[in-house]
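Notes follow once the structure below has been shown.
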Amino acid sequence: MLLFMLLLFHLNGFEVHSISSRAGRKGSEGLVYSPQKDGFTFRAPVIVTMSLQFVHNHHEGAYMQLMKGLKELDFRDFGVPSDLLLIGDHAFPLAMNSRGQVLMAASLHGKGRIVVLGHEGYLRAFPAIVENALTWLRGDQSNNQSVGIQKKAMALVKNLNKSHFQVKEVGAFSECPEVGVYVTDAYTVGADHKDLVAFLKAGGGVLIAGQAWSWTKSHPKKNTLLEFEGNKVSGVAGIYFSNHQGEKEVLPVYPHIPSSWMSVVIGKDFEDDLEFLLNGVSEFDFQGGALFSDILVHGPLAFPIGITEKGQTFLAGAYYGQGRVIVISHEGFIGGEKHGPFWNNVLHWLDEGRQGTIGVAHHPALKGLNKSGLKCEQTKFKKDLSVFVCTAYSDNQAEDIVDFVAEGGGLLIGGHAWYWAQTHGGKSPLKEFPGNKILNKMGLSLLGETIGGGLYKTPKPSQFIKDNYHFRHLLHCFAGHVAQGDELTQEQEKHLQKLGKDCATFLSMNAHECSQYAQVLSTLTDVVMRSGMPQVNEKCPVKSPKDHVLLSVGSQLFKVCPNPDALLPYLIKDNPLMAVVYNHKIKVTVHTEGWVEWISTGLYLSPGMKTYLSIPEEMVNNGWKIQIGCQTDTLKHDKLKRAPCVHERFPLDKDMMQVWNLWGGLIYLVTPKKTQVNGAEIVVQMAVPAPYYKYGVTTAAEWDLLRTAPSPWAELEFDNIILTVPSDVVRDLERPDELAAHWNTIMKAIADLAAKPHKFKHKERIVTDVQISHGWMHAGYPIMMHKPTAAELVSIDFAMKRGLWGPIHELGHNQQRSCWEFPSHTTECTCNLWSVYVHEEVFGIKREKAHAAMRLEGREKRIQEYVKGGKDLSKWSVFLALETYMQLQEKFGWDAFKKVFTAYHEMSDFPKGNKPKMNLYAETFSKTVGRNLAPFFKSWGWPIETATEEKLSNLPPWSDHPMVQYD
């Protein structure tokens with residue numbers, strides 16, 4: 001066999017070909033595959049090397065402006081700073097020490113800008129930063145050169161080039177509200193803080209410097225985040241002076257916004273908050289049928305309140321700016337009488353002692369919340385409220401509500417996202433669910449995953465961090481485990497699998513403009529680059545919690561990393577080069593009426609490989625998708641032989657699409673449910689050819705070449721079924737036309753028994769995989785099977801001698817209809833009608849040889865045990881239930897079943913529930929064969945009603961049925 005090589009990386013245009021590689025990796029020649037023209041030709045690849053850079057979009061430009069001309073910052077000779085805590089979308093660090101502590105930061109609020117220095121001495125120590133800051137803070141106010149500097153700050157500001165600014169020394173901000181920039185220390189903001197916030201929001205610039213750790217020591221019972229003077233201004237923009245001392249070092253000025261895994265921390269222990277909120281509350285009794293959404297608690301100042309043993313959160317809180325928020329993931333419990341003391345605590349925590357008005361937009365909660373002792377009124381959102389109570393199902397005034405909380409308001413919000421996720425297929429609840437447009441900024445997100453109601457103990461405030469799952473805390477510990485070998489506790493290891501899932505969910509936000517997102521992204525990239533992603537496969541399964549995290553994180557990182565090609569060598573170690581085809585044209589003709597189809601292209605992408613597709617206008621923004629990968633099962637196993645999800649889908653929303661998949665995969669077009677396209681042409685820039693045979697189209701000569709194509713996955717498309725198997729099993733397949741005839745016969749037999757036309761509305765698919773979501777095989781579109789089955793699917797000899805019970809069983813599942821199914825009794829039973837039929841009618845294998853359970857002695861034994869057990873219908877399932885149908889078949893033949901199914905095709909308005917459906921089936925079968933079968937079904941324990949017996953009383957009875965002997 002020829003050795004094929006693939007040129008993996010492309011830059012611009014349709015004829016560019018190159019290799020994405022690690023720095024220092026040597027290139028090799030590539031083979032281009034062109035079966036329509038000259039076969040295989042050599043092209044010399046271009047070697048591309050890249051470094052991993054994390055760009056924070058518009059914040060990066062601001063950072064460069066603020067640090068202009070600086071190479072290093074020496075913090076050693078000045079006072080001990082506060083470690084600055086950053087939250088929200090806009091706050092970003094300027095200086096970060098080796099422990100990940102932030103000593104200088106900047107942010108935006110409204111139209112304005114703010115720079116925060118972790119010690120007032122930095123106003124004197126770093127004149128270049130002060131001058132850069134004043135320039136940046138002025139923003140678009142080019143006509144306003146005036147700078148107001150508070151007297152105490154003026155004493156520190158030295159060497160300022162006053163020719164650039166009109167400097168005015170003032171005692172307080174109230175003396176100079178017309179300035180463009182205001183400079184102050186963090187201790188004398190005083191009563192001006194509200195005016196200063198309004199100034200900032202309207203477009204002003206603020207430079208504020210100080211530290212809060214000494215203030216905290218002298219005010220031990222005060223809340224530093226909310227009550228320290230400087231935080232009343234800077235906190236609104238997402239920068240807090242914390243009570244933690246920052247370490248002093250000589251720091252280089254990095255070319256990009258600094259980041260460190262050590263900066264991903266929780267900003268507070270929340271012990272005092274939980275003590276207040278849970279006072280008099282020992283448990284949350286949410287027993288019943290309600291379904292909550294899981295809440296991802298991802299912000300530095302966000303914390304769980306109600307949490308399950310598995311680490312799922314249904315109730316959480318957060319600080320945001322100068323305000324607070326509480327979210328419960330089911331609005332129906334807000335204000336509930338059973339939890340009256342808790343809701344009383346919540347409102348007082350959110351109100352912060354203001355004794356203000358509680359505005360309630362969620363009317364059912366009003367009565368319960370009125371018992372809090374605070375003034376509650378039903379109202380829409382308005383800015384003069386102290387606390388606003390609403391549901392998460394609307395994003396009307398989202399920006400106003402976010403600002404309301406940032407500037408000191410309280411928010412109580414409830415709702416679940418799981419139903420929205422189920423009814424908005426293809427959309428991301430994390431990014432598009434209305435409530436998350438408010439909550440994401442606050443470090444909280446409602447997810448599509450559900451939590452059942454239950455009785456949940458409240459966490460102990462004093463041991464909250466130690467005993468409970470917190471995304472940020474565990475991520476920090478895990479990063480330390482990877483970077484420094486820090487030990488994880490048994491409790492932490494228990495939650496690692498959830499951490500991996502939550503990390504992948506968090507990364508899917510794609511919020512690159514947010515510094516907090518960028519810090520987590522940088523941390524996870526560092527973790528993966530240090531450890532490498534486990535090279536999961538059948539021989540090296542992933543079992544450890546650590547590897548589960550790395551696998552989940554690595555998969556998602558490749559989707560969101562700013563430079564995925566540079567990350568690829570850390571994710572996929574063995575990525576051989578394979579031959580490619582260029583500018584491959586695909587003609588699309590399809591007509592769907594209420595179903596989705598995958599259209600095979602015969603092309604494959606290697607792991608991490610990218611390609612462009614030119615899409616005709618009629619298919620753009622009309623529900624079409626591109627899918628990379630055929631294995632669509634999502635795995636949730638403790639032992640993984642492949643990544644949990646190995647396929648990607650891209651909506652066709654542009655006429656030129658770029659697509660890729662970390663895991664590689666066959667390329668498909670996925671149709672809308674209703675569409676008609678005739679002869680549309682798609683051009684694929686570059687891809688690996690796959691062994692792809694289409695009955696009636698692919699010639700014998702073409703197949704001789706195609707079966708050696710380099711893709712590891714092959715497809716065989718026949719009249720009514722498509723088989724996706726490892727390419728190895730088709731390399732020696734010389735007569736695919738004979739295999740096509742074999743499967744065409746099988747599928748006609750399946751259609752015959754189902755009383756359907758031989759031409760299926762859409763072709764069935766069988767896909768083999770190294771591991772599937774459940775069972776040895778399972779039905780669906782596609783039907784999923786394990787890889788060892790693949791060789792059996794493409795062997796006529798195997799099928800004719802030994803049969804294909806399992807594959808036909810799954811094809812039978814896809815023929816089942818709820819109107820004549822009686823779950824759970826017949827779920828795994830009636831599909832076997834097709835197994836028996838195909839084996840006998842197509843393969844010539846009698847039922848007793850087709851499956852061991854169909855041997856006569858076993859059949860009789862099952863009936864006898866069923867009768868001895870009192871004909872308990874709850875035990876009537878699988879092969880016992882199949883015996884009922886076999887007795888009917890052995891008396892009335894297969895034609896009776898075909899006629900029964902035909903009768904059902906002509907019916908509508910079917911009853912619901914097993915009892916009426918079973919009576920309808922007994923009636924339909926009886927009328928079809930012209931015999932009264934009511935006694936037969938009653939002998940089996942079916943709940944035959946008197947009305948049914950009366951309807952059938954005029955038909956001759958089946959008096960010698962096989963169950964008479966047991967009556």
Side-chain angles (χ1 to χ4, degrees), residues 595-602 604 627 629-635 642 646-647 665-668 670 690-695 698 707 711-730 733 736 738-751 753-754 756 758-800 802-816 828 831-832 834-835 837-839 842-843:
W595 61 87
V596 170
E597 279 192 56
W598 301 359
I599 299 175
S600 301
T601 65
Y604 170 85
Q627 178 174 301
C630 54
Q631 287 87 0
T632 53
D633 258 7
T634 298
L635 307 183
R642 67 155 169 86
V646 292
H647 76 285
L666 293 168
I667 303 175
Y668 300 92
V670 181
Y692 173 53
Y693 173 85
K694 186 171 184 178
Y695 178 65
T698 308
R707 64 180 165 136
S711 161
W713 291 100
E715 290 204 318
L716 304 169
E717 182 170 351
F718 307 137
D719 279 350
N720 287 308
I721 193 167
I722 304 166
L723 308 178
T724 307
V725 295
S727 295
D728 289 347
V729 304
V730 302
L733 180 63
E738 292 180 350
L739 183 64
H742 168 71
W743 273 100
N744 289 345
T745 302
I746 292 172
M747 297 307 292
K748 285 178 182 177
I750 287 173
L753 182 57
K756 293 180 178 179
H758 284 174
K759 177 66 177 175
F760 282 37
K761 287 185 176 180
H762 67 96
K763 297 181 181 184
E764 296 278 10
R765 278 186 176 272
I766 293 179
V767 172
T768 56
D769 196 359
V770 67
Q771 190 175 23
I772 64 176
S773 58
H774 58 275
W776 180 245
M777 305 176 184
H778 69 73
Y781 184 83
I783 293 168
M784 296 298 303
M785 299 182 184
H786 282 81
K787 279 174 63 177
T789 310
E792 301 170 8
L793 295 175
V794 300
S795 172
I796 300 173
D797 186 61
F798 183 94
M800 300 304 289
R802 300 179 59 182
L804 294 172
W805 185 278
I808 308 303
H809 169 100
E810 303 305 341
L811 287 164
H813 269 305
N814 285 358
Q815 307 308 312
Q816 289 173 318
E828 294 297 326
C831 53
N832 287 324
W834 278 266
S835 293
Y837 181 77
V838 170
H839 279 74
V842 177
F843 303 152

Revision key, fill the gap. Between the NE2 atom in His647 and the CG atom in Asp633, the distance rounded to the nearest 0.5 Å is 9.5 Å
Study note, to complete from the structure: Hits for ring-ring contact (aromatic ring centres under 6.0 Å, His included) against Trp713, two or more places apart or cross-chain, chain-then-number order -> none
Check your understanding: Taking only residues two or more places apart in sequence, or in another chain, which ones meet Tyr693 in a side chain to side chain donor-acceptor pair (under 3.5 Å)?
Key -> none
Check your understanding: Any idea which heavy atoms bring Ser835 and His839 closest together, and the distance?
Key -> O-ND1, 2.7 Å
Check your understanding: How about Pro712 and Pro726: do any of their side-chain heavy atoms sit closer than 4.5 Å?
Key -> no
Exercise for review: Mark yes or no for whether Asp719, through its side chain, and Asn744, through its backbone, hold a donor-acceptor pair below 3.5 Å.
Suggested key: no
**Study point:** Heavy-atom closest contact (Ala749 atom, Tyr837 atom, distance)
**Key:** O-CE2, 3.3 Å
Revision key, fill the gap. Here the gap from Asn814 atom CG to Glu764 atom CD, rounded to the nearest 0.5 Å, amounts to 4.5 Å
Practice item. Verify the neighbour count for atom NZ of Lys748: are there more than 12 heavy atoms of other residues, nucleotides or ligands below 6.0 Å? Key: no
Review point. Out of curiosity, Phe718 CZ to Ile746 CD1, how far, rounded to the nearest 0.5 Å?
Key: 9.5 Å
Review point. Can you tell me how far CD1 of Ile772 sits from OG1 of Thr632, rounded to the nearest 0.5 angstrom?
Key: 11.0 Å
Exercise for review: Output all residues satisfying ring-ring contact (aromatic ring centres under 6.0 Å, His included) with His758, sequence neighbours left out; order by chain, then residue number.
Suggested key: none
Point to revise | Heavy-atom pair of closest approach, residues Ile808 and Trp834 | key: CG2-O, 3.4 Å
Exercise for review: Over all heavy atoms of both residues, which pair between His813 and Cys831 is shortest? Give the atoms and the distance, please.
Suggested key: N-CB, 3.4 Å
Check your understanding: Roughly how far apart are Arg642 CZ and Leu635 CG, rounded to 0.5 Å?
Key -> 4.0 Å
Exercise for review: Report the C-alpha separation of Phe760 and Ile750 in whole Å, then their side-chain angles, then the decisive distance to 0.1 Å, and conclude whether the side chain to side chain contact (heavy atoms under 4.5 Å, CB included) test is met.
Suggested key: CA-CA 10 Å; Phe760 282 37; Ile750 287 173; 4.2 Å; yes
Exercise for review: Measure the acute angle between the ring planes of Phe843 and His742, then classify it against the limits of 30° and 60° as parallel, tilted or perpendicular.
Suggested key: parallel
Review point. Going from OG1 on Thr601 to CG on Leu666, what distance comes out if it is rounded to the nearest 0.5 angstrom?
Key: 7.0 Å
Tell me which donor-acceptor pairs under 3.5 Å the side chains of residues 783-795 have, and how far apart each pair is, sequence neighbours excluded?
| from | atom 1 | to | atom 2 | distance (Å) |
| --- | --- | --- | --- | --- |
| His786 | ND1 | Trp776 | O | 2.9 |
| Thr789 | OG1 | His786 | O | 3.2 |
| Ser795 | OG | Phe798 | N | 3.0 |

Exercise for review: Identify the two heavy atoms, one from Gln627 and one from Val670, that lie closest to each other, and give their separation to 0.1 Å.
Suggested key: CB-CG2, 3.7 Å
Point to revise | salt bridge (Lys or Arg N to Asp or Glu O under 4.0 Å) involving Glu810 - partner list, sequence neighbours excluded | key: none
Review point. Do any N or O atoms from the side chain of Thr724 and from the backbone of Ala714 form a donor-acceptor pair under 3.5 angstrom?
Key: no
Revision key, fill the gap. Residues Ser711 and Ser727: closest non-hydrogen pair is O-OG, 2.6 Å
Practice item. Keeping the roles fixed (side chain from Tyr781, backbone from Val596), state whether a donor-acceptor pair exists under 3.5 Å. Key: no
Point to revise | With Ser600 via side chain to side chain donor-acceptor pair (under 3.5 Å) - residues at least two apart | key: Glu715, Arg765
Review point. Can you check whether Met777 reaches His809 side chain to side chain, under 4.5 Å on heavy atoms?
Key: no
